Amino acid sequence: MKTILVLLFFFGICGAANSAQTSGRIPTWVKDSLLWVDLPALAEARKMPIHWNLLTRQLELGKNGSKITWTENLAWVNTTEGVVSIEAPAFLQRGSWFVPLSSALRLIGSAQGTPLFWDTTSHSVTTRIKSDLIGFKVSKKDGAELVELRLSKKLPYETIFHPPHFLVRFSGLKGDSALFAQFRASKFIQKVTPSQEANGFQIRFQIVEGIEGGEVLEQDSGRAIQIIFGEKPAPEPIDPDTTTIVKPRKKKIRTVVIDPGHGGKDPGALGKDIYEKEVVLSVGTKLRDKLRKAGFIVKMTRDDDTFVELQDRPAMASKWGGDLFVSLHCNAVDGEERRKKTDGYRVYILREAESEEDKAIARRENKAAELSSKKRKSEISPVEWILLENQLNSFTKESEHLTELMVDGFQNMGVRKMGSGAGQAGFMVLVGAFMPAILVELGFITHPDDEKYLMSPKGQDELAERLARSILRYRDSE
Ligand SMILES: [Zn+2]
């Protein structure tokens with residue numbers, strides 16, 4: 001007997017798909033820490049035909065030859081390539097099909113032969129050009145302006161200065177003009193015009209009159225091209241009488257951002273009698289009060305027991321115009337014997353770890369990313385380290401300086417020093433803090449003596465006092 005198939009054509013029938021059509025926004029849904037997308041609306045946005053088979057409870061996308069078949073409550077789909085597993089099974093909601101967004105983008109993208117990306121602002125799907133030109137940035141440097149072009153590999157290029165234009169031409173490159181869309185006129189650069197030519201990609205900088213154009217530097221084995229634009233230097237005064245003595249300037253630090261780690265559903269490391277999230281909140285609050293008394297503006301990424309996403313913390317600090325970012329944590333180790341032996345504080349800056357021990361500590365702290373509803377990554381990839389270089393170059397020296405003062409200020413305290421007292425590792429929470437930023441492991445919550453100290457109001461007060469004094473010393477230093 002033949003099975004009777006009920007086929008529904010979806011165009012404009014479903015409310016969700018309809019609203020997606022008119023507003024361009026594709027409906028999504030957050031459930032079980034995953035972002036789900038309205039599959040018919042997404043398929044429609046990608047102009048894929050949809051067939052809903054009510055009898056088999058299957059949703060088919062695409063035509064023969066590139067068909068993807070979803071089945072309700074099944075964690076895999078049928079494609080022309082075979083059976084592919086997905087993050088989670090599809091479910092019905094508001095009369096439509098919801099599927100994990102990342103699986104949907106991957107599968108539809110591969111069926112259409114183009115990588116697909118989700119644009120969170122417009123709630124829509126985009127295809128970005130895959131280009132070897134991956135970054136563009138303009139920053140200030142010693143009174144000049146530094147343009148940086150980032151490449152995923154070394155590429156041939158030429159530069160031409162023909163005032164008022166400075167041209168950079170990459171032969172054989174397919175470029176993404178969207179990289180330059182955010183640029184607004186700066187002091188020395190009036191306009192940036194990217195254009196795709198038949199034989200390559202060209203970027204034209206329109207320079208302010210009287211500006212020296214373009215000392216070109218290559219960094220990072222040719223994967224970064226820097227162009228410096230600046231005013232013609234004025235001749236140095238020779239008369240010794242005109243020399244004035246300049247007093248060493250104190251650092252301009254007004255806003256300190258305190259970041260007590262973890263919180264809410266993320267308890268952090270567990271002691272016998274207290275959680276890391278409780279210790280760091282207490283110390284953080286005490287530190288806030290002391291710094292406010294000393295005249296600082298102090299912001300906290302959390303001042304109660306709530307969960308804050310790792311990556312949101314430095315973003316908050318940047319939004320507040322922070323001049324200093326201090327993330328507070330407690331350390332931990334596994335195993336009864338190691339717990340008895342391992343103690344001490346350690347102050348960290350963001351740099352690739354040099355020791356396995358520091359690597360492991362960062363890995364443990366980065367675990368909070370796994371609790372994120374946004375499915376965020378818990379590790380910094382090699383490419384990201386390259387992209388981070390600017391942040392590191394700008395602030396590492398200052399962060400190191402603060403670290404030194406802190407280790408010095410922590411002497412003869414209730415917690416001992418762990419190793420040299422200072423370290424470096426890939427802490428996600430420090431990524432994107434465009435200011436001097438450190439992460440302080442106050443002590444080992446898994447060590448009996450350290451835990452007692454970290455729990456006690458006296459210990460917490462001493463820690464806050466030492467932290468505050470080091471920050472004051474930092475502000476008053478050269
Ligand atoms: Zn922590």
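Computation of the quantities below employed the complete heavy-atom set of this structure, encompassing side-chain atoms and omitting hydrogens, waters and symmetry-equivalent molecules. Here the structure is a predicted model, which means the values were calculated and not measured. For reference, positions follow the sequence shown, starting with 1.
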Enquirer: Compare every heavy atom of S85 with every heavy atom of R106, then report the nearest pair and how far apart it is.
Expert: NH2-O, 3.3 Å
Enquirer: Give a yes or no on whether the ring-centroid distance for F180 and F136 is below 6.0 angstrom.
Expert: yes
Enquirer: Other residues, nucleotides and ligands only: do more than 12 of their heavy atoms fall within 6.0 Å of CD on E379?
Expert: no
Enquirer: Using only heavy-atom distances, determine whether the side chains of E276 and H262 contain a donor-acceptor pair under 3.5 Å.
Expert: yes
Enquirer: Checking R46 side chain against L116 main chain: does a donor-acceptor pair fall under 3.5 Å?
Expert: no
Enquirer: Should we say atom CZ of F296 is surrounded by more than 12 heavy atoms from elsewhere, each under 6.0 Å from it?
Expert: yes
Enquirer: Looking at E354, I want to see if its CD is surrounded by more than 12 non-hydrogen atoms of other residues, nucleotides or ligands under 6.0 Å.
Expert: no
Enquirer: Can you tell me if Q202 and Y157 form a side-chain donor-acceptor pair at under 3.5 Å?
Expert: no
Enquirer: Run the side-chain contact (heavy atoms from CB on, under 4.5 Å) test on V279 and I274 for me, step by step, so that the C-alpha distance in whole Å, both residues' side-chain angles and the decisive distance to 0.1 Å come before the verdict.
Expert: CA-CA 7 Å; V279 173; I274 198 164; 3.8 Å; yes
Enquirer: Listed by chain and number, what are the side-chain hydrogen bond (donor to acceptor under 3.5 Å, both in side chains) partners of S102, not counting sequence neighbours?
Expert: E87
Enquirer: Would you name the heavy atoms of G432 and S318 that are closest together and state the gap between them?
Expert: O-OG, 3.4 Å
Enquirer: How about R364: does its CZ atom have over 12 heavy atoms from other parts shown lying under 6.0 Å from it?
Expert: yes
Enquirer: For residues D305 and G264, report the shortest heavy-atom separation together with the two atoms involved.
Expert: OD1-N, 2.8 Å
Enquirer: Ring centroids only, cut at 6.0 angstrom: are F166 and F229 within range, meaning strictly under it?
Expert: yes
Enquirer: Enter the distance from E145:CD to I207:CD1 here, rounded to the nearest 0.5 Å.
Expert: 8.5 Å
Enquirer: If you count every heavy atom of other residues, nucleotides or ligands that lies below 6.0 Å from K31 atom NZ, does the total exceed 12?
Expert: yes
Enquirer: Under a 4.5 Å cut-off applied to non-hydrogen side-chain atoms, are M300 and T285 in contact?
Expert: yes
Enquirer: Could you tell me if the side chain of W29 sits less than 4.5 Å from the side chain of Q93, heavy atoms only?
Expert: yes
Enquirer: Do D450 side-chain atoms and F444 backbone N/O form a donor-acceptor pair below 3.5 Å?
Expert: yes
Enquirer: State, with a plain yes or no, whether a side-chain heavy atom of E278 is found less than 4.5 Å away from one of L281.
Expert: no
Enquirer: Whether the N78 and T69 side chains hold a donor-acceptor pair (N or O, under 3.5 Å, no angle test) is what I'd like checked.
Expert: no
Enquirer: Mark yes or no for whether H165, through its side chain, and Q206, through its backbone, hold a donor-acceptor pair below 3.5 Å.
Expert: no
Enquirer: Decide if atom CD of E357 counts as having more than 12 heavy atoms of other residues, nucleotides or ligands within a radius under 6.0 Å.
Expert: no
Enquirer: Taking the side chain as every heavy atom from C-beta outward, state whether D132 and K153 have any atom pair closer than 4.5 Å.
Expert: yes
Enquirer: Determine whether more than 12 heavy atoms belonging to other residues, nucleotides or ligands lie under 6.0 Å from atom NZ of K265.
Expert: yes
Enquirer: Between W97 and F91, is the gap from one ring center to the other below 6.0 Å?
Expert: no
Enquirer: Count the heavy atoms of every other residue, nucleotide or ligand shown that sit under 6.0 Å from NZ of K452, and state whether that count exceeds 12.
Expert: no
Enquirer: Within the side chain of R346, is there an N or O that forms a donor-acceptor pair under 3.5 Å with the backbone of A422?
Expert: yes
Enquirer: In the structure I gave you, are the side-chain heavy atoms of W385 and E352 within less than 4.5 Å of one another anywhere?
Expert: yes
Enquirer: Any chance the side chains of Q58 and H51 put a donor and an acceptor closer than 3.5 Å?
Expert: no
